[in-house]
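Here is the structure we will look at.
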Amino acid sequence: MSKSLPPPGTSDIFPEEAASWRFIEESAIKIFSLYGYGELRTPVFEYTEVFERGIGGDTEVVQKEMYTFEDRGGRSLTLRPEGTAGVMRALLNTDVMNGNEKRVFYMGPMFRGERPAAGRKRQFHQVGVENVGHVAPELDAESILMLMHFLEESGIRNSKLQINTRGTAEDRKPAEEKLREHFSKSETALCEDCKARLSRNVWRILDCKQPQCQEFINSAPDATTFFSPETRGYFDKVCNALSAGGADFEVSPRLVRGLDYYVHTVFEVSHPGLGAQNAIAGGGRYEIFLPENKKPVIGVGFAAGIERLLMARESLDAGLPEKGPGCVFLAALGEKARDFNMALASKLRHAGIPVIAEVDIKSLKAQMRAADRVAASFALICGDNELEKNLIVCKNMKTGEQTEMESTSIGEFLKSIGRWHE
RNA sequence: GUGGUUGUAGCUCAGUUGGUUAGAGCGUCUGGUUGUGGCCCAGAAGGCCGGGGGUUCGAGUCCCCUCAUCCACCCCA
């Protein structure tokens, strides 16, 4: 076994696989652009407080999953465990706090010190979007519709969209009381985790998968019924706009998300092709407090896990768009021909034709095998005979056809017959 | 962090109750007459059997530790 594996929970993405990644990323750029979003690139690490305040100190993520370190200047920095907080921090430098709407998307690696499992890495990758600075139910709905559009573009079928409302901070207090009241009655029967959640965060009990808790979760009151008429009206508008946009969704009063900053609409998309970690995307409306800021930044957005999107695609046997033509392989017989090929390779590449040239002196048989292995669409063969007459042998690897031609016109010929310019 | 699983060639895996020079398929390389790939045939290279310790006359096989993998819980994307 190799001793050169990357650290736990990370992986190397080789070219063949990277093609699928790029497909997802390009789909994201294409679709998000259709909705007026532009890319924002923020650092992969931030001051630790950006996440502590932005995500919420009570969350699992902040408490035990962050990669935090001190830099040489004694600053406490943290590798970003999610994208939203850093984006908000960056947008603070704009006029977003004055009600001006900003639409941005991001993509890149995130880091969480969890135990790796199916669909979970320590370095994982997300694409996400944020609509910041403006509140309207239509924007919540548009964000969700954009997510579904993106999934469709990415070739991901059979996904399931669930939505819920978390209300506002004021809405939650009375609802929380009712829930605590309900679960307190059966405290001794709850699982250990839920007993702790009873005081720390009752909402999470609704999310619990332990069998012994299900009975009490099912009999729990629908928390949203305790929310204010305004909040419920807001949520109705989101649902109506979603229906109008043609989205299939399910309202799940028990959908609770693990980050503290959510208010009003929350949503999650799951896919059957994954495993225990079946959420491929999730998000919602949020109010985020950052260091030195009294007012929260408001917005709505989501993130999708690229690894999980790829798993979903794989379960569907989704193919990639047709590959372009292969490269041209330059075979040489002898050192003179090899040197000639080096110069020719440079000319062809500058003409936009991808070229792999053999640098070692070896048998033509071996070189043709190599050409086949790299899936070359043409092989150009050059030896002493050709050099003398300024010719070159051009072999079409697919048909086996072979023609001799002037070496000076080979570039034009290849461009006319190949499809590299497309 | 808690459980379980696995760890033998570049890859996928065999290795019987511990017993001589550790195997297969695929891949790679070389050949099958002069300068031609894919198919076929022949041959070759390539393994501190994850690492360390122990039991034994003898360990890839048994025991302990360690590292890593995969999966589940937790939580999330």
Side-chain angles (χ1 to χ4, degrees), chain A residues 1-11 14 24 55 58-65 81-84 107-128 147 191-194 196-197 201 204 207-211 255-259 267-271 274-283 301-312 326 329 331-334 337 358 360-387 393-402:
Chain A
M1 245 316 157
S2 174
K3 291 117 194 155
S4 53
L5 294 172
T10 67
S11 46
F14 283 84
I24 297 281
I55 303 171
D58 283 344
T59 58
E60 194 91 358
V61 171
V62 171
Q63 282 187 352
K64 35 195 261 206
E65 295 176 358
E82 55 96 59
T84 304
M107 52 182 66
M110 307 292 163
F111 307 86
R112 255 121 98 156
E114 304 177 276
R115 195 74 167 265
R120 179 196 290 136
K121 295 274 184 192
R122 289 183 175 171
Q123 174 177 334
F124 60 106
H125 300 75
Q126 291 187 328
V127 299
L147 168 58
C191 74
E192 288 309 307
D193 287 333
C194 284
R197 288 175 180 132
N201 192 338
R204 297 266 184 80
D207 237 4
C208 184
K209 287 166 201 148
Q210 295 299 322
L255 176 63
V256 178
R257 315 217 68 244
L259 306 178
F267 53 93
E268 196 169 289
V269 179
S270 57
H271 196 275
L274 299 213
Q277 272 71 46
N278 65 353
I280 55 177
F302 63 79
I306 298 183
E307 284 85 349
R308 293 190 187 177
L309 295 176
L310 290 169
M311 288 170 77
F329 188 94
L333 293 153
E358 177 58 59
D360 292 335
I361 305 301
K362 52 165 87 164
S363 74
L364 184 55
K365 186 192 184 86
Q367 296 186 72
M368 292 307 288
R369 263 205 283 262
D372 194 58
R373 196 173 43 246
V374 301
S377 44
F378 291 93
L380 302 187
I381 303 163
C382 183
D384 291 338
N385 299 346
E386 287 74 20
L387 281 176
V393 172
C394 176
K395 176 165 185 168
N396 182 322
M397 294 297 283
K398 202 165 193 174
T399 63
E401 261 181 291
Q402 195 165 296

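Protein chains get the first letters and strands the later ones, always in sequence-line order, with residue 1 at the start of each. The shown structure was predicted, so the numbers you read here are calculated from the model rather than taken from an experiment.
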Item checked: Nucleotide of rC73(B), rU69(B), rG35(B) approaching Ile381(A) most closely (side-chain heavy atoms) -> rG35(B)

Margin query: I'd like to know if Glu386(A) reaches the base of rG35(B) with its side chain such that a donor and an acceptor end up less than 3.5 angstrom apart.
Written below: yes

Next item on the list: Could you measure between the two P atoms, the one in rG52(B) and the one in rC67(B), and give it in whole Å?
Entry: 15 Å

Next item on the list: Among residues two or more places apart or on two chains, list those pairs meeting salt bridge (charged side-chain N to carboxylate O under 4.0 Å, His left out) that have a residue in residues 115-128 of chain A.
Entry: Glu114(A)-Arg120(A)

Next item on the list: Could you say whether Pro7(A) or Glu82(A) is positioned toward the 5' end of RNA chain B, judged by the nucleotide with the nearest heavy atom to each?
Entry: Pro7(A)

Item checked: Atom-pair distance (CG on Leu147(A); P on rA77(B)), nearest Å -> 12 Å

Margin query: Does a side-chain N or O of Arg373(A) approach OP1 or OP2 of rC29(B) to a distance below 4.0 Å, or not?
Written below: yes

Notebook entry, point to check: Could a donor-acceptor pair under 3.5 angstrom be found where the side chain of Arg369(A) meets the base of rU36(B)?
Noted result: no

Note to self: What's the gap between rG27(B) and rU69(B) when it is taken at their P atoms, as a whole Å value?
What the structure shows: 30 Å

Next item on the list: Rounded off to whole Å, could you give me the CD-to-P distance for the Gln277(A) and rC74(B) pair?
Entry: 9 Å

Note to self: If I pick the P atom on rC71(B) and the same atom on rU33(B), what distance separates them, to the nearest angstrom?
What the structure shows: 50 Å

Note to self: With hydrogens left out and only the distance checked, is there a donor-acceptor pair under 3.5 Å joining Asp372(A)'s side chain and the base of rG38(B)?
What the structure shows: no

Next item on the list: Ignoring the backbone of Arg115(A), work out which of rC74(B), rG31(B), rA72(B) is nearest its side chain.
Entry: rA72(B)

Next item on the list: Decide side-chain contact (heavy atoms from CB on, under 4.5 Å) for Val269(A) and Leu147(A); before the verdict, give the C-alpha distance in whole Å, the side-chain angles of both, and the deciding distance to 0.1 Å.
Entry: CA-CA 9 Å; Val269(A) 179; Leu147(A) 168 58; 3.7 Å; yes

Notebook entry, point to check: Checking only heavy atoms, does the side chain of Gln402(A) share a donor-acceptor pair with the base of rU36(B) at less than 3.5 Å?
Noted result: yes

Check: Between rC73(B), rU36(B), rC74(B), which one does the side chain of Lys395(A) approach most closely?
Finding: rU36(B)

Check: Could you state the CD-P distance from Glu114(A) to rA72(B), rounded to the nearest angstrom?
Finding: 13 Å

Next item on the list: May I ask you to list the residues of residues 302-310 of chain A, by number, that have any heavy atom positioned under 4.0 Å from an atom of RNA chain B?
Entry: Ala303(A), Gly305(A), Arg308(A)

Next item on the list: Look at the side chain of Ala118(A) and decide which nucleotide, out of rG35(B), rC71(B), rU2(B), has an atom nearest to it.
Entry: rC71(B)

Item checked: Options rA68(B), rA77(B), rC29(B), nucleotide nearest the side-chain atoms of Leu5(A) -> rA68(B)

Notebook entry, point to check: CG of Asn396(A): more than 12 outside heavy atoms within 6.0 angstrom?
Noted result: yes

Item checked: Inter-nucleotide C1' distance (rG1(B), rG10(B)), Å rounded -> 36 Å

Next item on the list: Using the C1' atom on both, measure rU8(B) against rG3(B) and round to a whole Å.
Entry: 27 Å

Checklist line | Donor/acceptor link under 3.5 angstrom from Lys365(A) side chain onto base of rG31(B) | finding: no

